[in-house]
Enquirer: 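Structure provided below as structure tokens; questions to follow.
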Number of protein chains: 2
Amino acid sequence: MELIRRNTDYALRALVLMAKDRTGDVYVVTRLANEARVPEDFLRKTLQRLDKAGIIESKRGPKGGFQLSKDPARISVLDVMEAVQGPLAVNRCFLKDIGCDNFNRCELKEKLIGAQQDMVDLFKSVTIRELAAERG
Amino acid sequence: MELIRRNTDYALRALVLMAKDRTGDVYVVTRLANEARVPEDFLRKTLQRLDKAGIIESKRGPKGGFQLSKDPARISVLDVMEAVQGPLAVNRCFLKDIGCDNFNRCELKEKLIGAQQDMVDLFKSVTIRELAAERG
DNA sequence: TATAAAGAGGACTAAAATTGTCCTATAAGG
DNA sequence: CCTTATAGGACAATTTTAGTCCTCTTTATA
């Protein structure tokens with residue numbers, strides 16, 4: 001069971017690259033894909049989602065590419081996960097738009113609702129800035 | 001993205017049923033499946049995993065079935081998740097037997113390792129007894 | 001203004017994981 | 001020895017995830 005899927009992983013790697021040498025540059029997917037060692041087309045799709053979520057900005061045409069649109073300290077792993085792999089939930093019952101027939105009579109609910117929030121908080125507390133920080 | 005899969009969900013429901021009216025009885029899968037409203041054959045497979053993990057015991061033959069082999073207060077949701085859907089990990093790098101080529105040089109690692117432990121603790125802290133407790 | 005360099009977006013395929021079913025074997029009670 | 005139950009493996013169906021490809025649009029600039 002893994003919580004962070006490949007697309008989120010790829011997205012995080014790309015964001016870390018962008019956050020690292022932050023000259024305000026625009027990054028072309030080809031370069032990001034090479035450096036992060038991930039499939040280019042797939043990464044592009046993934047970055048498009050980050051764009052829609054307002055985490056990065058895209059620019060078309062020559063000299064185009066992707067660019068952080070926020071301070072890395074303000075981008076959490078949760079933001080990225082949700083942008084890229086959808087809402088985080090302990091299980092189906094807690095998913096937006098799905099819910100559960102049985103929700104109001106369910107014994108499992110009460111405790112798990114807390115667990116879900118804890119998980120959300122957890123991933124909200126880790127930011128790209130921290131991930132990009134060099135280790136000693 | 002959901003963390004608790006269907007098989008774990010089914011397992012939890014069955015365990016809660018067993019924990020509730022605890023007469024030491026043995027439960028036949030057919031009954032559990034009906035009451036929990038889950039596919040019988042699939043549930044049986046799932047219960048076999050719980051058996052191997054030592055969470056329940058199986059008895060064959062007439063008057064056979066499944067039975068809790070532990071105090072429900074000593075069965076955590078984590079136990080069930082791991083028995084039924086495998087080890088819990090934030091991502092592949094942290095999975096037993098897989099690891100990651102890049103593990104020692106990875107910036108993502110440090111923070112996520114903490115997140116993983118927090119999640120484990122979280123699910124370890126919720127037990128079947130609590131799930132089975134009637135709500136007021 | 002033509003060209004080339006990007007991303008946008010959709011269709012599609014491939015692969016993998018998950019869920020579910022079925023068949024035969026084995027154990028055990030009456 | 002018959003019936004009830006699980007064990008276990010093979011298999012099928014479904015869903016999710018990952019990845020590719022083709023065409024379109026945007027835009028810098030020669």
Side-chain angles (χ1 to χ4, degrees), chain A residues 1-14 18 25-34 36-53 55-69 81 83-89 91-92 95 98, chain B residues 1-14 18 25-34 36-53 55-69 81 83-89 91-92 95 98:
Chain A
M1 182 66 222
E2 49 181 324
L3 193 55
I4 293 184
R5 292 206 309 256
R6 238 153 36 212
N7 49 7
T8 296
D9 186 343
Y10 293 170
L12 290 174
R13 293 197 226 173
M18 291 192 256
D25 277 10
V26 162
Y27 292 79
V28 167
V29 174
T30 309
R31 180 179 157 200
L32 291 171
N34 284 335
R37 309 222 185 158
V38 306
E40 176 174 337
D41 281 331
F42 189 57
L43 179 60
R44 185 175 294 105
K45 296 233 117 138
T46 302
L47 295 181
Q48 285 171 18
R49 285 171 173 254
L50 295 182
D51 174 57
K52 285 191 178 154
I55 293 167
I56 62 181
E57 274 172 28
S58 73
K59 269 182 69 179
R60 291 184 181 190
K63 308 272 180 181
F66 293 93
Q67 199 172 16
L68 290 181
S69 63
M81 290 177 74
V84 151
Q85 62 187 35
L88 180 59
N91 72 357
R92 266 175 188 276
L95 278 177
I98 295 182
Chain B
M1 184 65 218
E2 51 181 324
L3 192 56
I4 293 183
R5 293 207 309 257
R6 217 119 88 189
N7 49 8
T8 297
D9 186 341
Y10 294 170
L12 290 174
R13 294 197 225 173
M18 291 193 255
D25 276 10
V26 162
Y27 293 79
V28 167
V29 173
T30 309
R31 181 178 156 200
L32 291 170
N34 284 335
R37 309 219 185 163
V38 305
E40 177 173 337
D41 282 330
F42 188 58
L43 179 60
R44 184 174 295 106
K45 297 234 117 145
T46 302
L47 295 181
Q48 284 170 19
R49 286 172 171 253
L50 295 181
D51 174 58
K52 286 191 178 153
I55 294 169
I56 63 181
E57 274 171 28
S58 73
K59 269 181 69 180
R60 292 185 180 187
K63 308 273 179 179
F66 292 93
Q67 198 174 16
L68 290 180
S69 64
M81 290 177 74
V84 151
Q85 63 187 34
L88 180 60
N91 73 358
R92 265 173 189 278
L95 278 177
I98 294 180

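Since the model is a prediction, treat every value here as computed from it, not as a measurement. A note on names: the letters A, B, ... follow the listed sequences, proteins ahead of strands, and every chain is numbered from 1.
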Enquirer: OP1 or OP2 of C:dG9 less than 4.0 angstrom from a side-chain nitrogen or oxygen of A:K52, does that happen here?
Expert: yes

Enquirer: In whole angstrom, give the distance that lies between atom CG of B:L32 and atom P of D:dA5.
Expert: 12 Å

Enquirer: Side chains of A:I4 and A:M81: closer than 4.5 Å at any heavy-atom pair?
Expert: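 Heavy-atom side-chain distance check passes, below 4.5 Å.
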
Enquirer: B:L50 CG to D:dA7 C1': how many Å, rounded?
Expert: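 Going from B:L50 (CG) to D:dA7 (C1'), I get 15 Å.
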
Enquirer: Return the value, rounded to whole Å, for the distance between atom CD of A:Q67 and atom P of C:dA6.
Expert: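 Checked: the CD to P distance equals 15 Å.
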
Enquirer: Round to the nearest Å and state the distance from B:K59 atom NZ to C:dT26 atom C1'.
Expert: 16 Å

Enquirer: Applying side-chain contact (heavy atoms from CB on, under 4.5 Å), can you list everything that pairs with B:N7, at least two apart in sequence or on another chain?
Expert: B:R5, B:F42, B:T46, B:V84, B:Q85

Enquirer: Walk along nucleotides 16-25 of chain C from 5' to 3' and tag each nucleotide B, S or - by protein heavy-atom contact under 4.0 Å, base first, then sugar-phosphate.
Expert: -SSSBBB---

Enquirer: Apply side-chain contact (heavy atoms from CB on, under 4.5 Å) to residues A:V38 and A:D9 and explain how you reach the verdict.
Expert: CA-CA 10 Å; A:V38 306; A:D9 186 343; over 6 Å; no

Enquirer: In whole angstroms, how far is the P atom of D:dT26 from the CG atom of A:D51?
Expert: 15 Å

Enquirer: State which residues pass side chain to side chain donor-acceptor pair (under 3.5 Å) with A:E40; sequence neighbours excluded, sorted by chain then number.
Expert: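 Only A:T30, A:R44 meet the side chain to side chain donor-acceptor pair (under 3.5 Å) criterion with A:E40.
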
Enquirer: On the nucleotide C:dA6, are OP1 or OP2 found under 4.0 Å from the side-chain N or O atoms that A:T30 carries?
Expert: no

Enquirer: Apply side chain to side chain donor-acceptor pair (under 3.5 Å) to B:R49 and list each qualifying residue two or more places apart in sequence or on a separate chain.
Expert: none

Enquirer: Is it the case that the side chain of B:S69 and the backbone of B:I55 share a donor-acceptor pair, with hydrogens and angles ignored and the cut-off at 3.5 Å?
Expert: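 Checked: pair present.
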
Enquirer: List in chain and number order the residues that pass side-chain contact (heavy atoms from CB on, under 4.5 Å) with A:R60, two or more places apart in sequence or in another chain; answer none if no residue qualifies.
Expert: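 Testing A:R60 for side-chain contact (heavy atoms from CB on, under 4.5 Å), a comparison that skips the adjacent residues, returns none.
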
Enquirer: Does A:S58 or B:G61 map to a spot on DNA chain C nearer the 5' end, using the closest nucleotide for each?
Expert: A:S58

Enquirer: May I have the distance from B:N91 (atom CG) to D:dT17 (atom P), rounded to whole angstrom?
Expert: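 One finds 15 Å between P of D:dT17 and CG of B:N91, rounded.
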
Enquirer: D:dT26 C1' sits how many Å from A:E57 CD, rounded?
Expert: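 Value for this atom pair: 15 Å.
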
Enquirer: Starting at CD of A:Q48 and ending at C1' of D:dT26, how long is that distance when rounded to a whole Å?
Expert: 14 Å

